[in-house]
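Structure first, then comments.
A, B, ... follow the sequence lines: proteins, then strands. Residue 1 opens every chain.
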Amino acid sequence: MYKAPRGTEDILPAEQPYWRFVEAQAEAVCRSYGYQRIETPMFEEAGLFERGVGAASDIVEKEMYTFPDRSGDLMTLRPEGTAPVCRAYLEHGMAQLPQPVRLYYLGPAFRYERPQAGRFRQHHQLGVEALGEADPALDAEVISLAWDLFQRLGLMVGAPRSIGAPLLKLNSIGCSQCRPRYIAELRANYSGHVEQLCTDCRSRLERNPLRLLDCKQPGCQAVAGAVPRSLDHLCHDCRQHFDGLQVYLKALAFPYSVDHRLVRGLDYYTRTVFEVQPVVEGAQSTMAGGGRYDGLVEAVGGKPTPAVGFAAGLERIILNLKRAGVHVPDSGSPVAFMAHLGPAAKERALLLAGELRRRGITVVAAWSDRSLRAQLRQANSVGARYALILGDAELASGSVVVRDMATGEQQTVPQDQVGGRLAL
RNA sequence: GUGAGCGUAGCCCAGCGGUCAAGGCGCCUGGCUGUGGCCCAGGAUAUCGAGGGUUCGAAUCCCUCCGCUCACCCCA
């Protein structure tokens, strides 16, 4: 028996209301900010991600689905959406458009990971990217968009800061000017405490010192508490940017909190980084994460172009909608169920169902030759508002019985008038 | 890649060495030869995850593998 590959899942009809809801809200917020939808391919040349995301990142090192296609070119199932958007921005000369260019996308991303609650090998992201503008007000706009989304989804209703962690976490990790100096200092500081660090952190010290900060091991946390903060080592421009952003966020009255240990796993982030966490804490609690990536466009072959954005995980959002008990609109049930008795009536029923559908009425039927009882039972269980019954008697008189499933009342009406009746 | 827990019908699950593997939901049929929801009666569906071993005998014990879940790493 075949099964969906590990870390993938079928999104069954019962789940669709959640997806429709989230996607509809996402599109609505993006549109309200003037962001336009873009679709990039599900796979790209492997090099795009190696250069864009960073060769030393976990994603590139161990999580990419990379394969040679039939011509031998190395392709990668996209592990994230930002690098492809930058590629498209360059490929289509979007730098010539009025800046910033505001884009969003909705689609799957692939990472080879051990699946877990809220983590999949194929998952779906909403990505929002604004390219070509360095002003911190654009950072604020993007954060504001994310905030509005969660607001609309109903995940922030009464979100009380009293319980647990704040919802919006913010930090600045500097730029290519000031970050190296900070990292050097960080490394120097940690080097004095190697004995207290976990084995992971000992290797992080060499390869990716920033990530030392968010290790959860008690020993490492103790060291991290006393270590220098990136915010204290920003260069003048980065400092100004961060202060500016905070002014705007305060003006917008977002209850964010600065988290000195917030660093992100993708190498392309500069300056602003942020995450949105749900009210209910869980292992994979981050629903959205992003920040500024002023060096990415250049890294994938363009001119230096500042940009900000974020990605939100749809599976995680849905997980949290369920945990929070958010009610989503359900998909409607059929209006009419067509029941037939006898072969001649069956033919006529087929025809009548088609006529009704052309008038925009949702009609379902069982079509197998079952008892009227069985057909009505099915009409009931699919939630049809009306059952239409067509047997020899109706066939003879050109009529059909319309039964209201809620009240049990039924009327015999001419076949050419059913449409009008049901449309009411 | 590491660690832990779990695999019995479409779903939830009882059974934990010895009659035909129990029950609930769902599905089908009938009670009502053309009338649903409730009720009643009946029915179908399980290589008990796979392979090997122990035993007179294994869904039950042991081993291996596979899968699922949760957590770590990391991330949406």
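Only the C1' atoms considered, B/rC16 is 37 Å distant from B/rC73, to the nearest whole Å. Nucleotides B/rG3 and B/rU60 place their P atoms 26 Å apart, quoted to the nearest Å. With C1' as the reference atom, B/rU45 and B/rC11 are 13 Å apart, rounded to whole Å. Spacing of P atoms, B/rU33 relative to B/rG24, comes out at 28 Å, to the nearest Å. For B/rA14 and B/rA71, the C1' atoms lie 29 Å apart once the distance is rounded to whole Å. Nucleotides B/rG17 and B/rC12 place their C1' atoms 27 Å apart, quoted to the nearest Å. Taking atom P in both B/rC25 and B/rA21, the straight-line distance is 22 Å, to the nearest Å.
Residue A/Arg359 qualifies as open at atom CZ: its count of foreign heavy atoms under 6.0 Å is 12 or below.
Each of A/Leu314 and A/Lys62 was assigned the nucleotide of RNA chain B with the nearest heavy atom; the assignment lying further toward the 5' end belongs to A/Lys62. Comparing A/Ser381 and A/Glu394 by the nucleotide of RNA chain B whose heavy atom lies nearest to each, the residue mapping closer to the 5' end is A/Ser381.
For B/rG1, the base has no donor-acceptor partner in the side chain of A/Glu113 [N/O atoms by modelled type, under 3.5 angstrom]. Judged by distance alone, with hydrogens and angles left aside, A/Gln116 brings no side-chain donor or acceptor close enough to the base of B/rU69 to form a pair under 3.5 Å. No donor-acceptor contact under 3.5 Å links the side chain of A/Glu275 to the base of B/rA76.
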Review item, nucleotides 65-67 of chain B N/O atoms under 3.5 Å of protein N/O:
unit_1, atom_1, unit_2, atom_2, d
B/rG67, O2', A/Lys3, NZ, 2.7

Distances under 3.5 Å only, N/O to N/O: pair up the protein atoms with those of nucleotides 2-8 of chain B.
unit_1, atom_1, unit_2, atom_2, d
B/rU2, O4, A/Arg114, NH1, 2.9
B/rU2, O4, A/Arg114, NH2, 3.3
B/rG3, O6, A/Arg114, NH2, 3.3

Listing time: all N or O pairs from protein to nucleotides 37-44 of chain B that are below 3.5 Å?
unit_1, atom_1, unit_2, atom_2, d
B/rG37, O4', A/Asn380, ND2, 3.0

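At a threshold of 4.0 angstrom between heavy atoms, the contacts of A/Ala374 are confined to the sugar-phosphate backbone, with no base atom among them. Among the atoms of the strands shown, base atoms are found under 4.0 Å from some heavy atom of A/Gln410. Within the nucleic acid shown, A/Ala288 comes within 4.0 Å of sugar-phosphate atoms alone, with no base atom in reach, counting heavy atoms only. Looking at heavy-atom distances under 4.0 Å, A/Ile389 makes contact with a base.
Here B/rA9 presents its P atom at 11 Å from CE of A/Met1, a figure rounded to the nearest Å. The interatomic distance linking A/Asp58 (CG) with B/rA76 (P) rounds to 11 Å, in whole Å. Taking atom CH2 of A/Trp19 as the reference point, atom C1' of B/rA76 lies 11 Å away to the nearest angstrom. If you take CZ of A/Arg204 and C1' of B/rC73, they are 7 Å apart, rounded to a whole angstrom. What separates CZ of A/Arg121 from P of B/rU69 is a distance of 11 Å, to the nearest Å.
Stacking between A/His124 and B/rA76 is absent: the aromatic ring centre is not both under 5.5 angstrom from the base six-membered ring centre and within 30 degrees in plane angle.
Checked against A/Thr40 for a side-chain hydrogen bond (donor to acceptor under 3.5 Å, both in side chains), the options A/Arg87, A/Arg78, A/Glu91 give a single hit: A/Arg78. A/Tyr104 pairs in a side-chain hydrogen bond (donor to acceptor under 3.5 Å, both in side chains) with only one of the listed residues (A/Glu129, A/Glu27, A/Arg31), which is A/Glu27.
A donor and an acceptor atom, one from each side chain of A/Gln411 and A/Glu409, are nowhere located under 3.5 Å apart. No side-chain donor-acceptor contact under 3.5 Å links A/Asp139 and A/Tyr248.
Under the 4.5 Å side-chain criterion, counting only non-hydrogen atoms from C-beta, A/Met287 is not in contact with A/Gln277. Inter-residue side-chain proximity for A/Val363 and A/Val335 is flagged as unmet; no heavy-atom pair is nearer than 4.5 Å.
For the ring-ring contact (aromatic ring centres under 6.0 Å, His included) test, no residue two or more places apart in sequence or in another chain qualifies with A/Tyr35. A/Tyr293 is linked by a ring-ring contact (aromatic ring centres under 6.0 Å, His included) to A/Tyr268, counting only residues two or more places apart in sequence or in another chain. For A/Tyr112, the ring-ring contact (aromatic ring centres under 6.0 Å, His included) test picks out A/Tyr65, with sequence neighbours left out. Checked against salt bridge (Lys or Arg N to Asp or Glu O under 4.0 Å), A/Glu50 has no partners two or more places apart in sequence or in another chain.
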*Just the dot-bracket of RNA chain B, please: which string comes out with Watson-Crick or G-U pairs under 3.5 Å, [ ] for crossing, | for another strand?*
((((((((.[[[..)..(....]]].(((((.......))))).....[[[[[..)....]]]]])))))))....

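Residue pairs satisfying the side-chain hydrogen bond (donor to acceptor under 3.5 Å, both in side chains) criterion with at least one member in residues 342-356 of chain A, sequence neighbours excluded, are listed as follows: A/Lys346-A/Asp369, A/Arg348-A/Gln415. Sequence neighbours left out, the pairs with a member in residues 9-20 of chain A that pass side-chain hydrogen bond (donor to acceptor under 3.5 Å, both in side chains) are A/Glu15-A/Lys322. Judged as a salt bridge (Lys or Arg N to Asp or Glu O under 4.0 Å), not a single pair has a partner in residues 386-403 of chain A (not counting sequence neighbours).
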Show me the side-chain donor-acceptor pairs of residues 374-382 of chain A shorter than 3.5 Å, one per line, residues at least two apart or across chains.
unit_1, atom_1, unit_2, atom_2, d
A/Gln375, OE1, A/His340, N, 3.0
A/Gln375, NE2, A/His340, O, 2.7
A/Gln375, NE2, A/Arg370, O, 2.9
A/Gln378, OE1, A/Arg370, NH2, 2.8
A/Ser381, OG, A/Gln378, O, 3.2

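Annotation for A/Met64 and A/Pro79: closest pair SD-CG, 3.9 Å, computed over non-hydrogen atoms.
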